[in-house]
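Below: the structure, in structure tokens.
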2 protein chains.
Amino acid sequence: MTEPTHAVDPVRLRAYFALIEVSGLLRHAIEQQLQADGDLTFVRFQILRRLQLSPAGRQRMTDLADAIVFSRSGLTYQAGLLEKVGLVVRNPSPDDERGVTIAITDAGRALVDAVMPGHEAVVDRLLFSQLSQDDARTLTALLTPVRDHMREAPPRSARPRRARS
Amino acid sequence: MTEPTHAVDPVRLRAYFALIEVSGLLRHAIEQQLQADGDLTFVRFQILRRLQLSPAGRQRMTDLADAIVFSRSGLTYQAGLLEKVGLVVRNPSPDDERGVTIAITDAGRALVDAVMPGHEAVVDRLLFSQLSQDDARTLTALLTPVRDHMREAPPRSARPRRARS
DNA sequence: TAGGTTTGCTTCGAACTCGAAGCAAGGTGA
DNA sequence: TCACCTTGCTTCGAGTTCGAAGCAAACCTA
């Protein structure tokens, strides 16, 4: 257990570990709830929710992939599954023949609405039972700049694509 | 985009989304760095780091799986890979013939030490460039109770096993 | 407007993940 | 001590994930 050559700032280390661990546990719990309440995985739920929040319930594949931090090929696969069960539809983008637009269907919206109460219950129970309203605000204030910075300064490859105008 | 029946507290919602998004982006970036610097995945890195921090560099399989929020079967698979390249060794637990103890080797320690500087660099660049020392402390203060609460109150099944004495 | 590059998505193969089932060792109670 | 339940790990099969390669449309630029 002797310290390696580089001394790590323990304050930052703890924050980093806590973040990783909380998100892991939270995601794990959410996965269970979504499976039980709507036969959804977390990824599929994220896809549907993003679409539901998008104007007209539709988005470009690439933009959607970036929004949920997911590979393009993975999204193609999941979109295929969701389309097969009628929760989304895919169409060529009107403005760009290469592009594909994915849109949520009424059934998709209904499913999201159906699982949302349980979803919120889990998040409330695990995350917000320990955080006051102010705490939540503080957390957002801390993490928002971090997120924005990450989106701008991609690690190596795998860059977020240009913003759509 | 009419609101569904349940009104969601937007403050909490933002905090939750920010958390999920930041951890996703962070993990993604870390994955790249570990791959480049040490041919490691995030999971394998977590396994090695946990072991390195454990007394005598060893732990029970089950306890390790709980510590990193990972399935037992998944851990068996990864442990097999790590053992094959000499970064860990597995042995029957001395006190319980069923149990398996996994221990980090010198090569494993060396590899962790080798990737740590790059690892910290990524975390610093993405996470802590946007957070002051105080911010980091605040973040830890917010997330630590959450983590502890999650560990105690598992979602449904998949509960953390008894603490080892 | 032809050639080459870039962009957007899908296909493909390999690796990873999980839960269920399997198997062996550890309890436990009559 | 013998059945029976529990515990700890592994094996197995099915589903998921990713990057690389493939392909077509779009965008240069001369």
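Here is the naming used below: chain letters follow the sequence lines, and residue numbers restart at 1 for every chain. Values in this document were obtained by computation on a predicted structure and should not be read as measured data.
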Pairs under 3.5 angstrom, nitrogen or oxygen only, protein versus nucleotides 14-18 of chain C, please.
from, atom 1, to, atom 2, distance (Å)
C/dC16, OP1, B/Arg44, NH1, 3.2
C/dC16, OP1, B/Arg44, NH2, 2.9
C/dC16, OP2, B/Tyr77, OH, 2.8
C/dT17, OP2, B/Gln78, NE2, 2.4
C/dC18, OP2, B/Ser71, N, 3.3
C/dC18, OP2, B/Ser71, OG, 2.7

Exercise. Tell me which nucleotide among D/dC9, C/dT11, D/dT6 gets nearest to the side chain of A/Thr76.
Key: C/dT11

Quiz item: Do A/Val11 and B/Val123 share a hydrophobic cluster (ILVMFWY, side-chain heavy atoms under 4.5 Å, transitive)?
Solution: no

Quiz item: In Å and rounded to the nearest 0.5 Å, what is the OG1 to CG distance from B/Thr138 to B/Leu142?
Solution: 6.5 Å

Quiz item: Rounding to a whole Å, what distance do you find between A/Glu97:CD and D/dC27:C1'?
Solution: 15 Å

Quiz item: Are A/Arg49 and B/Phe17 in a cation-pi setup, meaning NZ or CZ lies under 6.0 angstrom from the ring centre and within 45 degrees of the ring axis?
Solution: yes

Quiz item: Taking CZ from A/Arg60 and C1' from D/dA25, how many angstroms apart are they, rounded to a whole number?
Solution: 11 Å

Self-check item: Listed nucleotide nearest any side-chain atom of B/Asp96, set D/dC9, D/dA26, C/dG26
Solution: C/dG26

Quiz item: What is the distance, rounded to the nearest whole Å, between atom CD1 of A/Ile47 and atom C1' of D/dT17?
Solution: 12 Å

Quiz item: Using a cut-off of less than 4.0 Å, is there contact between a side-chain N or O of B/Arg90 and OP1 or OP2 of D/dT10?
Solution: yes

Quiz item: Counting side-chain heavy atoms from CB outward, which of D/dA26, D/dG8, C/dT10 is closest to A/Met61?
Solution: C/dT10

Quiz prompt | Fellow cluster residues of A/Tyr77, listed by chain then number, with links counted only when side-chain atoms sit under 4.5 Å apart | solution = A/Leu81

Quiz item: Who pairs with B/Ala103 by side chain to side chain contact (heavy atoms under 4.5 Å, CB included), at least two apart in sequence or on another chain?
Solution: B/Arg58, B/Val89

